[in-house]
Amino acid sequence: MNSIIAEIESILKQAFAESGYDESYGKVTISNRPDLCEYQCNGALAAAKRYHKAPFMIADDVLAKIQDNAAFSKVEVVKPGFINMNLSGVYLAEYLIRMAEADRFGAADLGQGKTIVIDYGGPNVAKPLHIGHLRPAIIGESIKRIKRFCGYNMIGDVHLGDWGYQMGLILESLKEQFPNLFEAETLEELGIDVSLLEKVYPEASARAKKEPEFAEKAHMATFKLQKKEEPYYSVWKKIIEISVRDLTGNYKKLDVSFELWNGESDAQDYIPPMVEDLKAKGLAYLSDGALVVDVKEETDKKEIPPCLIVKSDGAYLYATTDLATLVQREQDYHPEQVIYVVDKRQEMHFTQVFRTAKKAGIVPDSTQLTFVGFGTMNGKDGKPFKTRDGGVMRLEKLIGDTTNSIYERLTGVEFPEEEKRDIASKVALAAIKYGDLSNQASKDYIFDIDRFCEFEGNTGPYILYTMVRIKSILRKCGLADRVEEHGFKMNAAASDSEKALQLELTAFHDMMVQACQENAPHKVCQYLYEVSNAFNSFYHHNNILKEEDEQKKQGYLALIILTYRILKQGIELLGFDCPERM
Ligand code: ARG
């Protein structure tokens, strides 16, 4: 179905046309003066020049055509030529009934099944998943859900950092620590688990910087691995297995999941033919012994250096792997778009990769390559977030601590222990995710977990609290399990707060289009916050349960049920869930 603005706009367009003006002047927006009206059309002001007429005369012509339209309770022309409109209660209620009955509330099918690959997460094998990995996981997951809701076939790829020198460092270290590494059936029998692996990497990396001999050995191990030489390759596979198992568990706690668990290693076979092709096309050339592709463009405002494909020592680079991954993605999925949710400091890298890919025809011209760069998560001191002792915080610990702190706040009502735990973990996830997603992704933000956990204000727990409040009303009416199949009829609003809530719900369609097209979960957050505020104001102004007029009461229930369903859909798009009570 069309958004409510599109519907009003079509009425206005017709009125402009019937009055002899171009219909394009019938553009409608939500009023920027809600004290005066709900919607406005400023087209008469723009049309005045073209038709050499005073704006209010044009507006008056249009007014004559729409005055009696049943969609409006009030239309008026305000000097110099604004057309102000309020919707009629019946029209609004009917619109909401259509919304409630439609599949996905009648949201636009923007994707029509087209495929998008979204690359997010990007953890590195054998390095701990820490708080810095929160953003790509949370933002990527939400963009994926939003786009899927809007009709795209979404393929999320975790794109593991599982190749290169870091793996050589780990292999060489383990070989030293465990002389029978290559003979062992499993790594577990040697006592190698994920926490050991996570210790090995930073130690080895520090050591290699001091001991050239060790660094040399690690490079050799990397070299052997990259040729898939045994037993290096088999041991590497076992390391990946342990690491992936741990990562899967961690992402599960965040309610983040991937369709593909590919890694940098999966792209390696595509590299040699791709390099040959870049040479054959005359794009790649030698510069100081390295193979590079020029990517600068005339319109560039800053210097874009050439994309490095092969180093002078023959090693491949980060860009090489990303290009080869695009070759693979194009071959496997022929996607309409590839989205990368990565730290914004990597923007230059992606500019180089995207340009090379387009120049070389690795993806067709029509494929959109999109970089969604996210900002840094800072502590309250404005510096990158650190734990109290100055280290990076593990994701598991962050989730655990937050859950405990919410648990402590669940006072007042006596819940059974198991339920209390469940509530705490759901609310904690909402606090963490909403705290992040409510900021525009590209901005740095202050990770203030105390504020995120508050039950009031623009927070995840506040949204959940609102939903739980609705659930409790429904429970008292014996409707808790029948949110979808009640059969009540929405009423024409009888009060301002009721109408305000109804109008807020209709904004869903336009909000979804924007969130989808702009890869902007923060728009969903903002919307849920406004819906929650509108609901809470409605709730305070009307006594839903004690309403004696049965028809009125059923109208209220229809309204709060739709409110609940939309909030529920919204938090699902953000990637968290709501408890029954809290
Ligand atoms: N593993 C990388 C890192 O830690 C992020 C990967 C992002 N995705 C990509 N296709 N390069 O920086």
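All values reported here derive from a predicted model rather than from experimental measurement. Counting from 1, the numbers follow the sequence of the chain as shown. Remember, it's 1-based here, ligands and their atoms both numbered in the order they're listed.
- Close contacts of ligand 1 with Gly122, meaning ligand atoms under 4.0 Å from a residue heavy atom, involve 1 (N), 2 (C), 4 (O), 5 (C).
- Residue contacts with ligand 1: Tyr340 is placed with no nitrogen or oxygen under 3.5 Å of a nitrogen or oxygen of the ligand (distance criterion only).
- Within the listing of ligand 1, atoms 8 (N), 9 (C), 10 (N) sit less than 4.0 angstrom from a heavy atom of His159.
- Using a 4.0 Å cut-off to heavy atoms of Asp119, the atoms of ligand 1 that qualify are 8 (N), 9 (C), 10 (N).
- In terms of N/O distances under 3.5 Å, ligand 1 is approached by Gln346.
- For Asp577 and Lys568, the salt-bridge test passes: some basic side-chain N is under 4.0 Å from an acidic carboxylate O.
- Within the listing of ligand 1, atoms 9 (C), 10 (N), 11 (N) sit less than 4.0 angstrom from a heavy atom of Asp322.
- Few gaps surround CD on Glu189; more than 12 heavy atoms of other groups in view lie less than 6.0 Å from it.
- For a threshold of 3.5 Å applied to N or O pairs, the pair formed by Asn124 and ligand 1 contains at least one separation below that value.
- Relative to atom 11 (N) of ligand 1, the option among Phe371, Tyr120, Tyr318 with the closest non-hydrogen atom is Tyr318.
- Listed by number with element, the atoms of ligand 1 under 4.0 Å from a non-hydrogen atom of Val342 are 7 (C), 8 (N).
- No side-chain N or O of Ser438 forms a donor-acceptor pair with one of Gln526 less than 3.5 Å apart.
- Under the 4.0 Å criterion applied to side-chain N and carboxylate O atoms, Lys296 and Glu303 are not assigned as salt-bridge partners.
- Atoms of ligand 1 lying under 4.0 Å from any heavy atom of Phe350, numbered from 1 in the order shown and given with element: 9 (C), 11 (N).
- Side-chain contact of Tyr120 with Lys144: a donor-acceptor pair under 3.5 Å is present, judged by distance alone.
- Screening Asn378, Asn439, Asp436, Thr376 for a side chain to side chain donor-acceptor pair (under 3.5 Å) with Tyr445, the sole residue that qualifies is Asp436.
- Within a 6.0 Å sphere centred on OH of Tyr529, heavy atoms belonging to other residues, nucleotides or ligands number more than 12.
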